[in-house]
Structure formats: structure tokens, C-alpha cells
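To keep things clear, I will list the structure first and then write my remarks on it.
Sequence positions, counted from 1, serve as the residue numbers for this chain.
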Amino acid sequence: MAVLLCSTSESVDDWAEALRSLSGIDLRVWPDAGDLTEIDYAIVAHPPLGVLPSLPNLKAVQSLWAGIEHITCDKDLDPTVPILRMIDPGLTGGMTEYVTMHAQRYHMLAHEFDLQQQQGNWQPRTPPLASERKVGVLGLGVLGSDAAKRMADLGFQVHGWSRRPKTLDGVTCHHGDDGLFDLLEQVEILICLLPRTPETENLIDSTTLNAMPEGACIINAGRGELIVDEDLIAALDSGHIAGATLDVFREEPLPADHPYWTHPRVTVTPHIASVTRISTALPVVEQNLKRLMSGEKAEDLPGLVDRKAGY
Ligand code: NAP
């Protein structure tokens, strides 16, 4: 089975070395792909436009990332080629560690005490208990549902939002447009773990921000396009939104002159909320390749992307 590794983002040499340790695979590393007609499967992270459509016998694409818009943006890619996004315990666990840490900082008012410290201002305030704090999670997929459950385990009142109705132990689930506003009106800490689709782009704008309680805080580790930046900055400037932790941006790296860098109420992290680690992702790739080699259909494997829904 010929497999093409094509990555312009993940460490391609480390992945190539790891994949060569798997048996039964004729690994090609882009751009040394050899005879393109021989390639059965592609393993990719941010492949250049045109590479995947140039493989005439491609049976499936395994993404090394959870988000797949860097693949589906190639309009020449045959829409019937199955895409598997990365679902691995390291990616999920890492994201849950990131969002729970930042949510707990907001819960404990660390963002307010940071500002007070800069002003030499000794102003005691008592945070509520976790059981008195409502937290919202937008996106209840692999990452969002794990984060929501962990926040519930920590004692918070957790609300979640998805496209379709869902049931999750310990989480009050909402869905659809009305469900979004039901959630936003209550939650003081909002965790965004939505994929980028035409429906989720610009979801966090002045209308949705204004629906949240005064002093609410936001953590966005989904995609930068979820947020209308000007609206968030205006809400932060007015104090309506008291803090934002942003890991993903419309333009990455975040441009040097972007107001987020210096805004006193913004924490910027460089798209590291959760990264694909070879140690936990390689077994996933190996398992999927084994199943494909044994004749299973890509459609039956975990992480199959719904090309119509866009995630
Ligand atoms: P997933 O399993 O596909 O889950 C996506 C969730 O979003 C689902 O619950 C889905 O609803 C919901 N959703 C999609 N469109 C919606 C809409 N229009 N309205 C309401 N809910 C909607 O994805 P995942 O693995 O959790 O990953 C989520 C995203 O995290 C990725 O797409 C990627 O952009 C981002 N990510 C970021 C990093 C980072 O380091 N910052 C790392 C990994 C991933 P249903 O349940 O109804 O389908």
C-alpha cells in the first residue's frame, strides 16, 4: 500500500521516521511522491493546494489535525474522497488541560487580580464557588464534550451547545439558534471549541457578546474565524467582556501590530492549545492504516468528516 506523507506544518522528518517503523507501507514523502497513480492514501497536515487532487487513485486522506478546512479548501479535491480527521487521546487530553486551566483562572478572578497588581491595588474580592459558576462550551464534539465533562467533574454548572440535540452526563445541553442564546444569557465563562464552517464563522459578534452577562470571559481554541475581532475588542474595551484567552486567529502568526497583543484583558497563546503529538497520534494512524489495508472502508473508521456539514 503506497502512502504519501505531505505536511507543510507538522514536523515532516519526525513523522516520516515514525511512519517508516510501521510494516506493510510503501511510504513516500512529498515532494518525492514517485508515480502518483500508485498512491492509495495520504497523511497530511496543511498540504499545498493541488497535491491531493493530483493523486488519481486516492482512497482516503488521514489528517494529522482535528480541523480539516486546510484540506477541504482545495476545491479541486474530489468531494467523494473520504477524509479522516485526527482523534487521539493526546489531542483531546491536551485541549481539556488548556481550557480547564484558563477557565479556572477566570473563575478565580486571576484576570482581575493581574490588573490590580499592575496598579499596585490591594482590593480583596471573593470568587464564587465552582458550584455557583456557570460555564458554557460551544461545540460538544470530541474536544468540547471532554472539556465539558471535566468542568462538570470540577463542580461547575456546565452548559454545552451543539448543532444537533445531545445528551451528556452532568452537562445541560442546548442546540440550534435558540439554544445558543439560552446558553449565552447564563454563562460567565465561555469556551469555544467549534470547527470553522460557514455557519460558525463570525458567530461571536456584538449580538452574541451582548447576550452574555456583564463581566463574562471567553476562551477560544476553536478557530479564529469564529470571532469578529472588532466586536470582541469593543466589548473588552467597554468592560462588558472582562477577559479573553485566544489561541487561534484569522491570521497566524498574529500580526505584530494586532491590538490583541497589547490589550490588558487579552491572553494570546500561539495556537498551542492542543497539538498532535506523535506519541499518541501514531497509534491512531497505524490502526486506521491497518484497517484500511485489511479491506475496511474509510467510511467506517473513526473521525470520518461529513463533507456536507464541513467538519
Ligand atoms: P468535532 O468532534 O467535529 O465536534 C464539533 C462540534 O461542533 C460538534 O459538537 C458539532 O455539533 C458542533 N458544531 C458544528 N457546527 C455547529 C453549528 N453550526 N452549530 C452548533 N454546533 C456546531 O470537532 P473536535 O474534534 O471537537 O474539534 C473542534 C475544533 O477544535 C476543530 O475543528 C478545530 O478547529 C479546533 N482545534 C483547535 C486546536 C488548537 O490547538 N487550538 C486543536 C485541535 C482542534 P454536532 O455534535 O451536532 O455535530
Closest non-hydrogen atom pair between Gly144 and Val137, with its separation | O-CG1, 3.7 Å
Distance-minimising heavy-atom pair for Pro89 and Val284 | CD-CG2, 4.4 Å
Are any of the side-chain heavy atoms of Arg28 and Ile39 separated by less than 4.5 Å?
-> yes
With distance as the sole criterion, is a donor-acceptor pair present between the side chains of Thr269 and Asp247 under 3.5 Å?
-> yes
For Gly176, does its backbone N or O pair with a side-chain atom of Trp161 as donor and acceptor, under 3.5 Å?
-> yes
Under 3.5 Å: donor-acceptor pair, side chain of His240, backbone of Met212 = yes
Residues Arg265 and Tyr260: side-chain donor-acceptor under 3.5 angstrom | no
So does Met108 have more than 12 non-hydrogen atoms from other groups sitting under 6.0 Å from CE?
-> no
dist Arg163:CZ -> Leu194:CG (nearest 0.5 Å) comes out at 11.5 Å
Carefully, step by step, assess Thr207 and Phe181 under the rule side-chain contact (heavy atoms from CB on, under 4.5 Å).
-> CA-CA 10 Å; Thr207 307; Phe181 283 87; 4.1 Å; yes
Report the C-alpha distance between Val228 and Glu230 in whole Å, list the side-chain angles of each, state the deciding distance to 0.1 Å, and finish with yes or no for side-chain contact (heavy atoms from CB on, under 4.5 Å).
-> CA-CA 6 Å; Val228 178; Glu230 301 71 33; 3.5 Å; yes
State whether the side chain of Asp205 and the backbone N or O of Thr208 hold a donor-acceptor pair below 3.5 Å, judged by distance alone.
-> yes
Between OG1 of Thr96 and CG of Leu91, what distance do you get to the nearest 0.5 Å?
-> 10.0 Å
Leu64 backbone acceptor or donor facing Arg85 side chain under 3.5 Å = no
N/O donor-acceptor pair under 3.5 Å between Ser238 side chain and Ala235 backbone | yes
Would you say Asp306 has more than 12 foreign heavy atoms packed within less than 6.0 Å of its CG?
-> yes
Is the side chain of Asp231 donor-acceptor paired with the backbone N or O of Ser206 at a distance under 3.5 Å, no angle test?
-> yes
Any side-chain donor paired with an acceptor under 3.5 Å for Tyr106 and Thr245?
-> yes
Passes salt bridge (Lys or Arg N to Asp or Glu O under 4.0 Å), Glu69 versus Arg196? Steps please.
-> CA-CA 7 Å; Glu69 67 273 23; Arg196 176 190 176 186; 5.2 Å; no
Between His258 and Phe249, is the gap from one ring center to the other below 6.0 Å?
-> no
Flag the pair Arg277 and Asp88 as a salt bridge only when some basic side-chain nitrogen lies within less than 4.0 angstrom of an acidic carboxylate oxygen.
-> no
Does a donor on one side chain and an acceptor on the other come within less than 3.5 Å for His263 and Asp237?
-> yes
Does the pair Glu296/Lys290 count as a salt bridge with the N-to-O cut at 4.0 Å?
-> no
Asp114 and Arg105: salt bridge (Lys or Arg N to Asp or Glu O under 4.0 Å), yes or no, with the steps?
-> CA-CA 10 Å; Asp114 282 349; Arg105 285 195 89 250; 3.0 Å; yes
Would the number of heavy atoms belonging to other residues, nucleotides or ligands and lying under 6.0 Å from CD of Gln117 be above 12?
-> no
Are the side chain of Asp229 and the backbone of Leu232 linked by a donor-acceptor contact shorter than 3.5 Å?
-> no
Residue from Glu97, Met95, Met101, His102 passing side chain to side chain contact (heavy atoms under 4.5 Å, CB included) with Val99 = Met95
Look only at the side chain of Asp74 and the backbone of Gly50, and say whether a donor-acceptor pair between them is shorter than 3.5 Å.
-> yes
So, does Thr200 use its side chain to make a donor-acceptor pair with the main chain of Pro195 at under 3.5 Å?
-> yes
Asp169 atom CG: more than 12 heavy-atom contacts under 6.0 Å | no
Which class fits the ring pair Trp65 and His271: parallel under 30°, tilted 30 to 60°, perpendicular over 60°?
-> tilted
Look only at the side chain of Arg133 and the backbone of His107, and say whether a donor-acceptor pair between them is shorter than 3.5 Å.
-> yes
Is Leu52 reachable from Leu84 through a run of I, L, V, M, F, W or Y residues, each pair having side-chain heavy atoms under 4.5 Å apart?
-> no
